[in-house]
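Data first, discussion second: the structure below is written as structure tokens.
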Amino acid sequence: MTSPVQPHLRLLPAVDRVLGAPEVAALCDAHGRATVTNYVRNVLDELRAGAADQLPDNAPDMEEEVVRRVSERAGQSERQRLRRVINGTGIVLHTNLGRAPLAKRAVEAIAEVAAGANLEVDLETGQRGRRGAAVESLLRELTGAEAALVVNNCAAATLLTLQTVAAGRDVVISRGQLIEIGGAFRLPDVFRQAGVKLVEVGTTNRTRLADYAAAIHGETAALLRVHPSNYRISGFSESTSIGELAALGKEADLPAIDDVGSGCLYDLARYGLADEPIVADSLRAGASLVLFSGDKLLGGPQCGIIVGGRELVDRLRSNPLTRALRVDKLTFAALQATLEIHRAGRAFEEIPALQQLALTEDDLRPRAVALLAQLNAQSAGKHRFSIRSVDSAAGGGSLPDQTLPSLAIRIIGENATELAARLRRGNPAVLSRIVEDEVLIDLRTVMPDDDDALVGRLVHASQARREST
Ligand SMILES: *Cc1c(COP(=O)(O)O)cnc(C)c1O
């Protein structure tokens with residue numbers, strides 16, 4: 001069946017005519033002519049399908065409408081681009097913002113190897129070398145492990161470990177540790193994916209060593225402990241230490257695997273952050289394998305790290321899945337630089353995630369005062385700025401019930417949601433936090449090098465507001 005020809009269809013401009021409009025020609029330079037031609041075709045299709053009474057009734061207005069819609073489409077694709085964000089949320093390891101901000105040296109290391117590197121060649125002999133060998137030896141030095149392996153993230157490390165060590169068999173874990181980390185990462189699903197039978201023992205709040213011991217039988221392949229990174233079970237609770245599990249495993253000739261999550265190398269108690277398991281402690285207590293992320297408290301790029309006994313790590317390495325989960329030269333470069341900073345004992349001087357966690361209100365005050373002075377001097381808009389005490393958080397599933405006293409720039413003078421949206425859409429994007437209808441920029445998570453850019457954005461957002469009112 002053919003539909004009657006609608007009168008407004010005759011008003012639609014030809015594709016070439018639209019491409020010739022100065023605004024669209026400029027878009028062609030930025031996005032490529034083929035891409036913009038597609039935008040134009042899509043917009044024309046959309047208008048053809050639209051209702052005539054909602055569209056212009058003359059050709060010049062129709063052409064203007066087409067150009068407007070094409071620009072809007074190009075703008076959408078521009079806004080989706082991955083780009084720089086100033087983190088004013090106060091969440092140090094913000095998963096949606098890419099977790100750990102990298103150290104300067106790690107950034108330089110990425111640039112250095114970007115065009116090519118000795119990823120799998122031994123420059124001494126010219127023979128094929130092993131990917132990751134340098135980073136693995138750093139990891140051995142830093143954790144005391146016999147061997148190490150790097151994969152795409154800690155979820156991948158868990159999947160690879162379970163599949164290699166226990167496919168078709170049982171792994172025993174406490175009911176209190178069947179975690180969901182976020183998104184689709186739920187431990188029971190990972191077990192299923194790895195073809196491993198999950199044997200839950202104990203109860204949500206209490207699991208004793210005897211519960212694990214009673215669950216061991218001929219089909220048991222390993223004992224697993226998972227650090228409850230993003231929640232805490234407190235009150236009437238009891239859990240089994242990795243040392244006790246490792247001793248039980250030794251008796252029964254089973255590996256004890258410890259998923260510690262955050263990759264903490266030091267005791268952070270003196271920064272007000274307790275309770276994070278330390279990788280070397282876990283190995284010393286007898287864990288056969290320890291799993292953690294590279295982009296949480298280690299402060300490096302996204303990756304999953306497995307350290308432990310040589311024989312087990314070699315088995316993981318030769319699983320074909322390892323090839324599917326491997327990381328590239330850029331990740332190795334950033335990880336190597338980050339681990340070298342740890343080895344040099346300069347983590348709290350150079351690794352932004354750790355520096356930010358260690359900041360006190362007193363550290364932040366001079367910056368807050370200087371920023372406020374600049375804002376008050378430059379801003380002619382309707383906003384008022386002040387300094388406010390806030391609580392920041394470690395984030396990234398680390399230290400869920402511990403907050404860090406911090407300082408924020410408070411901006412008032414318009415609807416908080418609208419101001420936050422304008423800050424987010426600008427360039428560089430600024431992510432803020434809204435508390436009690438006030439927009440707050442927590443300075444803990446703003447890189448000091450970004451302070452000037454932050455002032456620029458806040459002044460601009462304030463002026464944009466003035467012009468629009
Ligand atoms: C964060 C976390 C994971 C997942 O790590 P990714 O690197 O994000 O894949 C797994 N286990 C624990 C205990 C964690 O804290």
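Atom set for the values below is all heavy atoms of this structure, side chains included, hydrogens, waters and symmetry mates excluded. Counting starts at 1 for both ligands and their atoms, following the listed order. Everything quoted here is computed from the prediction, not taken from an experiment.
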* Asked: Does Val226, backbone or side chain, put an N or O under 3.5 Å from an N or O of ligand 1?
  -> no
* Asked: For the side chain to side chain donor-acceptor pair (under 3.5 Å) test, which of Glu78, His31, Glu46 pairs with Arg73?
  -> Glu46
* Give the atoms of ligand 1, by number and element, whose distance to some non-hydrogen atom of His227 is under 4.0 Å. => 13 (C)
* Can you find an N or O of Lys296 that's nearer than 3.5 Å to an N or O of ligand 1? -> yes
* Asked: Is the closest basic N to carboxylate O distance between Arg130 and Glu120 below 4.0 Å?
  -> no
* When only distance counts, is Ala156 in polar contact with ligand 1, meaning an N/O pair under 3.5 Å? -> no
* Between Lys250 and Glu244, is the closest basic N to carboxylate O distance under 4.0 Å? -> no
* If you count the atoms of ligand 1 from 1 in the order shown, which ones are under 4.0 Å from a heavy atom of Asp259? -> 10 (C), 11 (N), 12 (C), 13 (C)
* With a 4.5 Å limit on heavy-atom distance, are the side chains of Ser392 and Val92 in contact? -> no
* Asked: Side chain or backbone of Arg99 under 4.0 Å from ligand 1, or both, or neither, by non-hydrogen atoms?
  -> side chain
* Atoms of ligand 1 less than 4.0 Å from Ser293 heavy atoms? -> 5 (O), 6 (P), 7 (O)
* **Within reach of ligand 1, part of Gln302 (heavy-atom separation under 4.0 Å)** => neither
* Taking the six-membered ring for Trp, are the ring centroids of His342 and Tyr266 within less than 6.0 Å of each other? -> yes
* Asked: Just wondering, do Val430 and Leu454 contact through their side chains at under 4.5 Å, heavy atoms?
  -> yes
